[in-house]
Amino acid sequence: MLKTSLFTALLLASVSLYAQEREVKTTFQTSGQWKPVTDVRADAVMVYGVNDNRRHPFAERMQSWRERGYETHFMTGIAWGQYQDYFTGRWDGQWHLDEGQKTMRGDTIWHGRMVPYIVPTENYLKYFKECHIKPVIDAGISHIFLEEPEFWARGGYSEAFKREWQDYYGFPWRPQHESAENTYLSNKLKYHLYYRALDEAFTYAKEYGRQRGLDVKCYVPTHSLLNYAQWQIVSPEASLASMQSCDGYIAQVWTGTSREPNYYNGVAKERVFETAFLEYGCMESMTRPTGRKMFFLTDPIEDRAKDWEDYKRNYEATFTAQLLFPQQNNFEVMPWPDRIFEGLYRKSATSDERARIPRFYSTQMLVMINTLNNMPTTDNKVSGSQGISVLMANSLMFQRSPRPVEGYDDPQLSNFYGLALPLVKQGIPVGITHLENTGYADTWKDVKVLLMSYANMKPMSPDGHHDIARWVSEGGKLIYCGRDDDAFQSVQEWWNQDGRAYRAPANHLFELMQIAADAPEGEYAYGKGKVFIIRKDPKEFVLKAGGHNELISTLTKAYGELERRDGFTLRRGPYLLAANLTAEANEAYSSFLQTMRPDEFFIDLYDPSLPVVKKKELLDGQQAMLYMLSSPSATQGRSAQPKVLAAASRQYDEQTTIRAWHGSYSFVSKSPAETTNVMRILLPREPRQIDISEEFTSSWDEPSHTLFLSFENNPDGVPVSIKW
């Protein structure tokens, strides 16, 4: 490993230049050094891993990006990484492979060669802080991202885990596969271990950073709680939003997570847009009440080998979904640009021929990510009935097991999707409320109806019940769905300990609202609000065709008339986002036709030719991002301020000169090498002269007063000068 002294010496000259931090709205992650083909022109780069590139030490990689004007941050895994020096004893003279997560058969769960998923012991954390956090802070890094704190549900059998069990619970380890209670207790401990690991690592980073004169910010890039529960992984998730040492998250949502099949109308299949919408909503709602910063991630490809058309179609779905959260405008524009721009993938689903990313797709992708640098927040709301939310809790992960648990069955997390998908499929932008956040006033802002169930999760403390009961008494409408007869209802928890003897946790909540324990299905009043009890588990709403009708009927009673649509729309500044939902069995969705007023035009940003058109028809399951612009009159046209409206590049050094009848507009365009730039530029009048250092094509659209340009990108910059 690179010695700290050398590590620091390589950077002393540049650290002072970055003492004044810039606002970072866009970022990406890479383990590589700067290259012309990966210069995506985000605000920041997260340089991955101290030991993750043997040819180029971390200091060298970081410096290569700084020299290109990037804010440089650090990312590494907390549950896995290039930490062989710890496992093989080079750090402290002792082997630590026994600290890998192990299955019931005693097999280590590997992330790579000699890289197990880790049981984060105190000794491992000591190594991690000393060898991975300290040196990057010495190098001047002030933003640390520790990603994917993951403990597999099928893990929990290693000697290291057994020792942690004894320390945490005070009694000997119990095999998790033997009972529902053991499963719950095992997963609860896994959750605790990574909460502790992140808190210790972040607290150390902040304290050591202060000693070095740095205000260190700490973030957790993580899959959504929804995805981790579905993939049977345990992670701290929502609890980190109130951890004092944690400054925020990256929401790792992409095609690979969102294409996980779920049930609706009795059919299990991929519903990428709908699932992504729920995943982003799950992440956004974790941090909104606590004020933590959140970056939304999308990925133009995914880990699984597919074809370029599949990647493009699902990228549009996830990209649109992330933009339907109007107060969120920080983004990780892509992970691993090296594999996106240089990887070889199938040309089509029917071909085995592999090729690098097609030019039309790289152009479209660059247009999309460059919109994120200027994406505004807005007070506008997504179309559809507002104020309906589904309750979630971290314990959603505790009832997940790779082996069937007697007395419990939740196929494809249907007890969550049973409450959420029927609403999304009706064009209702259902929100998420986290049980861990009910004590924050902002959690309840604008929530009119809350849907909840304890079929797939359990409350970890009674506090949330008091908050829910208070909200109902003040006029909230609660719909509780559940038979409350699953095997996890009787696990060792607060509702059946220390003098409490509730058969099921919901009975404690009902008692607070003066409703009888095990109350039958019906409608109940409490204070100014109402409680609607449906004695069915939510999975019953989606595991058979038409099963959701009862839920929608009850929701209509609680909410009033619902605004049902076949899609979603949102206006964010000049951008219009639209998504047409995929029609399912027994549904008659028509195509979503978006027709603008006669005096409006828009640029289709999902078309690499950036056409100016007046209407957009979205067929089944399609999405769109449109740039809205009014048609300038002759007078308005002469006074229009030149502006790049859309481009597959980022612009620098813009200069404008406007006189009575002529003027000029110039800038430098930068984007990765081996990609094609397209631009749509607003101008007062048709240009008389265009000067570009590269060969280019151009066309003028008189109704919109926009110029189309196309030329090859260059990360060193392409000067563009336009005169009229």
Side-chain angles (χ1 to χ4, degrees), residues 35-42 68-69 300 312 333 337 340-341 356-374 574 601-613 625-627 629 632 637-638 640-659 661-724:
K35 290 186 296 185
V37 294
T38 57
D39 189 357
V40 299
R41 306 315 306 166
R68 288 284 172 162
K312 176 182 179 295
V333 300
I340 293 168
F341 288 106
R356 286 171 65 167
I357 185 169
R359 283 298 178 100
F360 72 87
Y361 185 29
S362 61
T363 296
Q364 177 184 337
M365 176 189 69
L366 289 169
V367 169
M368 292 163 69
I369 69 170
N370 276 286
T371 65
L372 301 179
N373 293 309
N374 302 302
F601 297 81
F602 60 83
I603 306 167
D604 188 345
L605 300 179
Y606 286 171
D607 185 328
S609 66
L610 296 181
V612 175
V613 289
M625 178 168 63
L626 312 170
Y627 190 101
L629 61 157
R638 288 196 296 270
Q641 185 72 18
K643 182 180 181 181
V644 176
L645 304 178
S649 62
R650 194 167 185 177
Q651 279 53 253
Y652 300 83
D653 303 325
E654 291 181 272
Q655 296 186 21
T656 302
T657 301
I658 299 179
R659 293 183 173 84
W661 296 101
H662 61 88
S664 65
Y665 178 46
S666 65
F667 52 85
V668 176
S669 173
K670 296 184 179 182
S671 211
E674 301 178 31
T675 63
T676 301
N677 191 20
V678 293
M679 314 183 81
R680 181 67 66 176
I681 306 170
L682 178 67
L683 293 172
R685 61 179 70 245
E686 184 174 2
R688 58 181 173 82
Q689 181 178 337
I690 303 172
D691 294 313
I692 302 176
S693 58
E694 302 279 345
E695 291 187 11
F696 68 93
T697 59
S698 67
S699 61
W700 175 252
D701 184 75
E702 179 62 28
S704 66
H705 272 250
T706 60
L707 172 69
F708 174 82
L709 291 177
S710 180
F711 50 85
E712 288 300 283
N713 278 315
N714 189 325
D716 291 326
V718 177
V720 176
S721 176
I722 303 167
K723 297 178 181 178
W724 61 89

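Because the structure is predicted, anything quoted here is derived from the model rather than measured.
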Participant: If you count every heavy atom of other residues, nucleotides or ligands that lies below 6.0 Å from Lys35 atom NZ, does the total exceed 12?
Facilitator: yes
Participant: What pairs with Asn714 under side chain to side chain donor-acceptor pair (under 3.5 Å), at least two apart in sequence or on another chain?
Facilitator: none
Participant: So which atom in Ile658 and which in Trp724 form the shortest heavy-atom distance, rounded to 0.1 Å?
Facilitator: CG1-CZ2, 4.0 Å
Participant: Side chains of Ser671 and Asn677: do they bring a donor and an acceptor to under 3.5 Å?
Facilitator: no
Participant: Side chains of Glu654 and Ser666: donor-acceptor distance under 3.5 Å anywhere?
Facilitator: no
Participant: Report the residues that fulfil side chain to side chain contact (heavy atoms under 4.5 Å, CB included) with Pro611, sequence neighbours left out, ordered by chain and then residue number.
Facilitator: Asp604, Asp607, Ser609, Val613
Participant: Within the structure provided, determine whether Arg680 and Asp701 are in side-chain contact (heavy-atom separation under 4.5 Å).
Facilitator: yes
Participant: Of all the heavy-atom pairs spanning Asp716 and Arg68, show the shortest one and how long it is.
Facilitator: OD1-NH1, 2.7 Å
Participant: Consider only side-chain N and O atoms of Asn713 and Thr675, and report whether a donor and an acceptor are under 3.5 Å apart.
Facilitator: yes
Participant: Do you know the tightest heavy-atom contact between Gln651 and Met679?
Facilitator: OE1-CE, 3.4 Å
Participant: Identify which one of Ile603, Val612, Leu645 satisfies the side chain to side chain contact (heavy atoms under 4.5 Å, CB included) criterion when paired with Ser704.
Facilitator: Val612
Participant: Any side-chain donor-acceptor pair under 3.5 Å between Tyr652 and Arg41?
Facilitator: yes
Participant: Are a donor atom and an acceptor atom from the side chains of Gln655 and Thr657 found within less than 3.5 Å of each other?
Facilitator: no
Participant: If the condition is salt bridge (charged side-chain N to carboxylate O under 4.0 Å, His left out), which residues does Asp653 pass it with, not counting sequence neighbours?
Facilitator: none
